[in-house]
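Taking it in order: structure first as structure tokens, then the write-up.
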Amino acid sequence: MATSTGKSAALYSPAIALEFFKVAGKPEKIAPGEVIFAEHDRARPFLFMRDKMYLLLQGEVELVAGKKVIGTVAKGGIFGEMASITHAPRTASAVAKTACRVISLDDRQFHEGLKEKPAFALMLMSMLIGRLRQTTARLAAAGALRGDALRKESTVFDPARLAELAGGISDDVPVYFDRGKPILQEGQVGLRMYAVIEGKVTVSIDGVMVERLGPGGVFGEMALIESSPRMASVTAETDCSLLPISRTAFQMLVKTSPEFAGSLLGSLAERLRVLTSRLK
């Protein structure tokens, strides 16, 4: 993650990041000019090559794509998290501009860390959602939020497994909406995220449908981070059953099943990737 400005930067806490990385990782030194990871690299677990994310303890790192520097990471910053979350090829190389000290975590260590420090999952969510807000605003300004660029029906979790996990943790009971009924309105302030148990819903921004969610899909994640206006409207495409998830229930779910957080972060990262691709 390159150093950034605006709301997404304000949501990042170096102290929370350090606590999380210290749970399972150890500091290592990187020499000036050393390539930490290369553009287009991807994990090969059968060769013991796993995706890693990094916390920079000291020094400065440049992010390079196509031989062009596209960003820098300063002390306290995280980088490499997108590939670690999505397991997609690296979109840039990370090169030590100066002598550096980093802590790295592979995907297994990441899940182990979430059991101890679930607040880190909320922080990563806030960063991804902040980027989604910025990207959506740029697309809207450019008139690039198009109905013909819809994603396929999205599923994040196995709905039966999610209901089983949440059943013993959340005080909220499922809620039901008839076909065509509004569920969330863009601009509303919310307190809960929702998971689709049965049926289908559509997600719209500025009146344009941008996503369709079926059983196992989730929406309203920003409500777990802060009391800010909803960034999209959601409507019941069919009769549907939804499971509300509060911030407290989310953190308990992460402790119980770190894969829950991994799946949700992966979904957010994929949304960001799809929307960002429309800016090109």
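Heads up: numbering here begins at 1 and tracks the sequence.
Contact of the Leu105 side chain with the Phe20 side chain is registered, since non-hydrogen atoms from C-beta on lie closer than 4.5 Å. Looking only at side-chain heavy atoms (C-beta outward), Leu265 and Phe110 come within less than 4.5 Å of each other. Within the 4.5 Å cutoff, the side chain of Lys75 has no heavy atoms near those of the Gln58 side chain. At a threshold of 4.5 Å between non-hydrogen side-chain atoms, the residues Val218 and Leu213 do not count as touching. Between Leu55 and Phe79, every side-chain heavy-atom pair lies at or beyond the 4.5 Å cut-off. In this structure, Met123 and Ser13 have side chains that are in contact, with non-hydrogen atoms separated by less than 4.5 Å. In this structure, Tyr54 and Val73 have side chains that are not in contact, with every pair of non-hydrogen atoms separated by 4.5 Å or more. Looking at Lys97 and Val61, their side chains never come closer than 4.5 Å, going by heavy atoms from C-beta outward.
By the 4.0 Å N-to-carboxylate-O rule, Glu237 lies close enough to Arg212 to be salt-bridged with it. Between Glu81 and Arg131 there is a salt bridge, since at least one side-chain N of the basic residue sits less than 4.0 Å from a carboxylate O of the acidic one. Using a 4.0 Å cut-off between charged nitrogen and carboxylate oxygen, Lys115 and Glu112 count as a salt-bridge pair.
Looking at every heavy atom in both residues, Cys240 comes nearest to Val201 through SG-CG1, 4.0 Å. Taking every heavy atom of both residues into account, Gly220 and Leu184 meet most closely at CA-CD1, 4.4 Å. Ala96 and Ala31 make their closest contact through CB-O, 3.4 Å (heavy atoms, listed as atom of the first residue, atom of the second, distance). The nearest pair of heavy atoms linking Pro244 to Val173 is CD-O, 3.3 Å. Ile78 and Ala17 get closest at one heavy-atom pair: CD1-CB, 4.0 Å. In terms of heavy-atom proximity, Leu114 sits nearest to Ala261 at CD1-CB, 3.8 Å.
Hydrophobic clustering (side-chain heavy atoms under 4.5 Å, transitive across Ile, Leu, Val, Met, Phe, Trp, Tyr) groups Ile205 together with Tyr194. A continuous path of Ile, Leu, Val, Met, Phe, Trp and Tyr side chains, each step under 4.5 Å between heavy atoms, connects Leu18 with Leu124, placing both in one hydrophobic cluster. Leu122 and Met231 end up in the same hydrophobic cluster when Ile, Leu, Val, Met, Phe, Trp and Tyr side chains are linked at under 4.5 Å. Hydrophobic cluster membership differs between Tyr176 and Phe219, with clusters built from Ile, Leu, Val, Met, Phe, Trp and Tyr side chains linked at under 4.5 angstrom. Linking Ile, Leu, Val, Met, Phe, Trp and Tyr whenever their side-chain heavy atoms come within less than 4.5 Å leaves Ile70 and Val64 in two separate clusters.
Of the possible polar contacts, none joining the Ser204 side chain to the Ser233 backbone as a donor-acceptor pair under 3.5 Å is found. Side-chain N or O atoms of Arg247 include one that pairs as donor or acceptor with a backbone N or O of Leu224 at under 3.5 Å. Not one N or O on the side chain of Glu116 forms a donor-acceptor pair closer than 3.5 Å with the backbone of Gly113. Gln251 contributes no side-chain N or O that, together with a main-chain N or O of Thr248, makes up a donor-acceptor pair within less than 3.5 Å. For the pair Asp178 (side chain) and Lys181 (backbone), a donor-acceptor distance under 3.5 Å is absent. When atom types are taken as modelled, the side chain of Ser93 and the backbone of Glu39 share a donor-acceptor pair closer than 3.5 angstrom. A side-chain donor-acceptor contact under 3.5 Å links Thr86 to the backbone of Met82. A donor-acceptor pair under 3.5 Å is absent between the side-chain atoms of Arg90 and the main chain of Phe37, judged by distance alone.
Rounding to the nearest 0.5 angstrom, the gap separating the CG atom in Leu268 from the OG atom in Ser263 is 11.0 Å. The distance from the CD1 atom of Ile36 to the CD atom of Glu62 is 11.0 Å, given to the nearest 0.5 Å. The NZ atom of Lys26 sits 10.0 Å away from the CD atom of Gln109 when rounded to the nearest 0.5 Å. With rounding to the nearest 0.5 angstrom, the OG1 atom of Thr238 is 8.0 Å from the CZ atom of Arg179. For the atom pair Ile85 CD1 and Asp107 CG, the distance stands at 11.5 Å (nearest 0.5 Å). A distance of 13.5 Å separates CG in Leu242 from CZ in Arg192, rounded to the nearest 0.5 Å.
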Test side chain to side chain contact (heavy atoms under 4.5 Å, CB included) on Leu253 and Ile245; report intermediate values, then the result. CA-CA 10 Å; Leu253 279 168; Ile245 301 175; 4.1 Å; yes

Residue pair Glu186, Arg230: steps toward the salt bridge (charged side-chain N to carboxylate O under 4.0 Å, His left out) verdict: CA-CA 5 Å; Glu186 190 172 349; Arg230 301 281 191 186; over 6 Å; no

Might you work through the side chain to side chain contact (heavy atoms under 4.5 Å, CB included) test for Val203 and Met209, ending with a clear yes or no? CA-CA 6 Å; Val203 181; Met209 185 168 67; over 6 Å; no

Test side chain to side chain contact (heavy atoms under 4.5 Å, CB included) on Thr135 and Leu272; report intermediate values, then the result. CA-CA 8 Å; Thr135 303; Leu272 181 60; 3.6 Å; yes

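Note on ring orientation: taking the six-membered ring where Trp is involved, the planes of Phe21 and Phe120 are perpendicular (angle over 60°, cut-offs 30° and 60°).
Side-chain contact of Ser104 with Glu28: a donor-acceptor pair under 3.5 Å is present, judged by distance alone.
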